[in-house]
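Whatever order the structure lists ligands and atoms in, that order sets their numbers, starting from 1. Along the sequence shown, residues are numbered consecutively beginning with 1.
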Amino acid sequence: MQITKVNKSRISEVDFDNLSFGANFTDHMFVADYKDGQWKDARIVPYEPLVISPGAKVFHYGQTVFEGMKAYKDEKDLVWLFRPDENQKRLNISAERLDMQAVPAEIFNEGLHKLLEIDSEWVPKGNGRSLYIRPFIFASEETIVASTSSEYKFMILLSPVGVYFSNDVKLKIADKFSRAANGGVGFAKAGGNYAGSFYPARLAKEEGFDQVIWTDDATHSFVEEAGVMNLMFRIGDKIVTAPTSERILDGITRKSIIEIAKDSGIEVEVRPITVKELIEASAKGELKEAFGCGTAAIISPIYAIGYKDQLMEMRQKGNRYSELLKAKMVEIQTKAGEDKFGWTKQVTFA
Ligand code: PLP
Ligand code: COI
């Protein structure tokens, strides 16, 4: 792998005590090109603008997929990844649905580990901070014929981050717009899924909500996931979460939280959840908590959910599952506690 390092690091310009999500990038990035039927020229270069043809397909047809993962530093300054193989596999599941070239695991892993080694100084420690990792693939072939690209770039960027939502959030259940449909690309981490969500999210924001809770496109009666998180509801003392489907992202945090909850003696039900059921549970005082879970957000408690002109408020103050589960999750991710599931992987430096 060819490595070109910066002459001078920008790390001293970054205020690590006030990191806003995704606004700072480390000194280097990883790039590989798919051309003439193969991935080649894997390299690490200074983080800098790319030169890309305005005719590249990505700009016209949105053929692009991405991943989101994090690296954490433990007490001894060792760097750890959380279930990285899951992200590596999901990137290629997304790529396949968008008819893009898969990135071989060796290229993904070697690029990621080498990049983390070179920019390891940038992995922040403590206070909910971590190094967010953004692998992505995009169509770079220069032609605007509407068909699959024969050329791609695979890149990895690193960004030191703090918490995604600094406060509990208020979400609005979608009753008109949809994020995904059966047979579509909802399960893929495709750029277009997010592009299509920004307009409904802005309208919700104008009404005082932080994000939208997506419902099934056919009936808008089942709650599915939020803008950047899967969802969990505490009804009585059970956690209920929707099953993944071709419309929902198979979140790595979601499946980890399900296992941690079960291991902590909390009953978890994976089944379709209706809006009606949430409204009824809320009226009876049984909807005690709701929270989103995802790599960026970790676990983000929801204090209120709006549906049409109704507002459901979550009233659980102490002994919140969201706090218990988040603490256990962060303990595993940062190696502060035992990783009995074997989810963490050390980044080894050559
Ligand atoms: N759902 C959507 C739409 C997301 O963007 C994310 C974030 O990655 C998630 C769910 C949670 O997935 P994960 O836990 O793998 O980060
Ligand atoms: C993640 O949690 O990794 C996400 O993908 C959220 C991102 C869209 C900000």
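Of the protein's non-hydrogen atoms, T295 OG1, 2.5 Å is the one closest to atom 16 (O) of ligand 1. Remark: minimum distance from atom 2 (C) of ligand 1 to any protein heavy atom is reached at E225 OE1, 3.4 Å. The closest protein non-hydrogen atom to atom 6 (C) of ligand 1 is V228 O, 3.2 Å. Annotation: atom 5 (O) of ligand 2 to nearest protein heavy atom, K189 NZ, 2.6 Å.
Polar contact check, A296 against ligand 2: a nitrogen or oxygen pair lies under 3.5 Å apart. An N or O contact shorter than 3.5 Å links Y132 to ligand 2 by distance. For ligand 1, the polar-atom distance check finds an N/O of T253 within less than 3.5 Å of one of the ligand's N/O atoms.
Looking at R134 against ligand 2, only its side chain comes within 4.0 Å, counting heavy atoms. Looking at R179 against ligand 1, only its side chain comes within 4.0 Å, counting heavy atoms. Heavy atoms of C293 found under 4.0 angstrom from ligand 1 belong exclusively to the backbone.
Closest of all the heavy-atom pairs between F222 and V275 is N-CG2, 4.5 Å. Heavy-atom minimum distance, A297 versus M229: CB-SD, 3.5 Å.
Rounded to the nearest 0.5 Å, atoms OG (S94) and CG (L249) are 7.0 Å apart.
Ring-plane geometry between Y47 and F25 is classed as parallel, the angle between the planes falling under 30 degrees on a 0 to 90 degree scale with a further cut at 60. Using a 30° and 60° split on the angle between ring planes, F154 and F108 fall in the parallel class, below 30°.
Each of the atoms 1 (N), 2 (C), 4 (C), 6 (C), 8 (O), 9 (C), 10 (C), 12 (O) of ligand 1 lies under 4.0 Å from some heavy atom of L249. Near V228, the atoms of ligand 2 lying under 4.0 angstrom from a non-hydrogen atom of the residue are 6 (C), 8 (C). Close contacts of ligand 2 with F66, meaning ligand atoms under 4.0 Å from a residue heavy atom, involve 5 (O). Ligand-side atoms of ligand 2 in range of Y194: 8 (C), range being under 4.0 angstrom from any heavy atom. Remark: ligand 1 atoms within the under-4.0 Å shell around heavy atoms of G251 are 12 (O), 13 (P), 14 (O), 15 (O). Here is the list of ligand 1 atoms found below 4.0 Å of a heavy atom in G294: 11 (C), 14 (O), 16 (O). Interface atoms of ligand 1 facing R90, defined by a heavy-atom separation under 4.0 Å, are 12 (O), 13 (P), 15 (O).
Under 4.0 Å is where a charged nitrogen must lie from a carboxylate oxygen, and between D41 and K35 no such pair does. Comment: D17 engages R129 in a salt bridge, judged by a side-chain N to carboxylate O separation of less than 4.0 angstrom. The existence of a salt bridge linking K255 and E259 is excluded, since no basic side-chain nitrogen approaches an acidic carboxylate oxygen closer than 4.0 Å. Salt bridge absent: R179 and E224 never bring a charged side-chain N and a carboxylate O closer than 4.0 Å. Salt-bridge formation is not detected for the pair E331/K328: no Lys NZ or Arg NE/NH1/NH2 atom is positioned less than 4.0 Å from an Asp or Glu carboxylate oxygen. A salt bridge links R43 with D33: the distance from a Lys NZ or Arg NE/NH1/NH2 to an Asp or Glu carboxylate oxygen falls below 4.0 Å.
Evaluated by nearest non-hydrogen atom to atom 4 (C) of ligand 1, the leading choice among W214, Y194, F82 is Y194. Distances from atom 8 (O) of ligand 1 to the heavy atoms of K189, M229, Q211 put K189 nearest.
The shortest side-chain heavy-atom distance between D216 and N182 does not fall under the 4.5 Å cut-off.
For the ligand labelled ligand 1, residue G227 lies inside the 4.0 Å heavy-atom shell.
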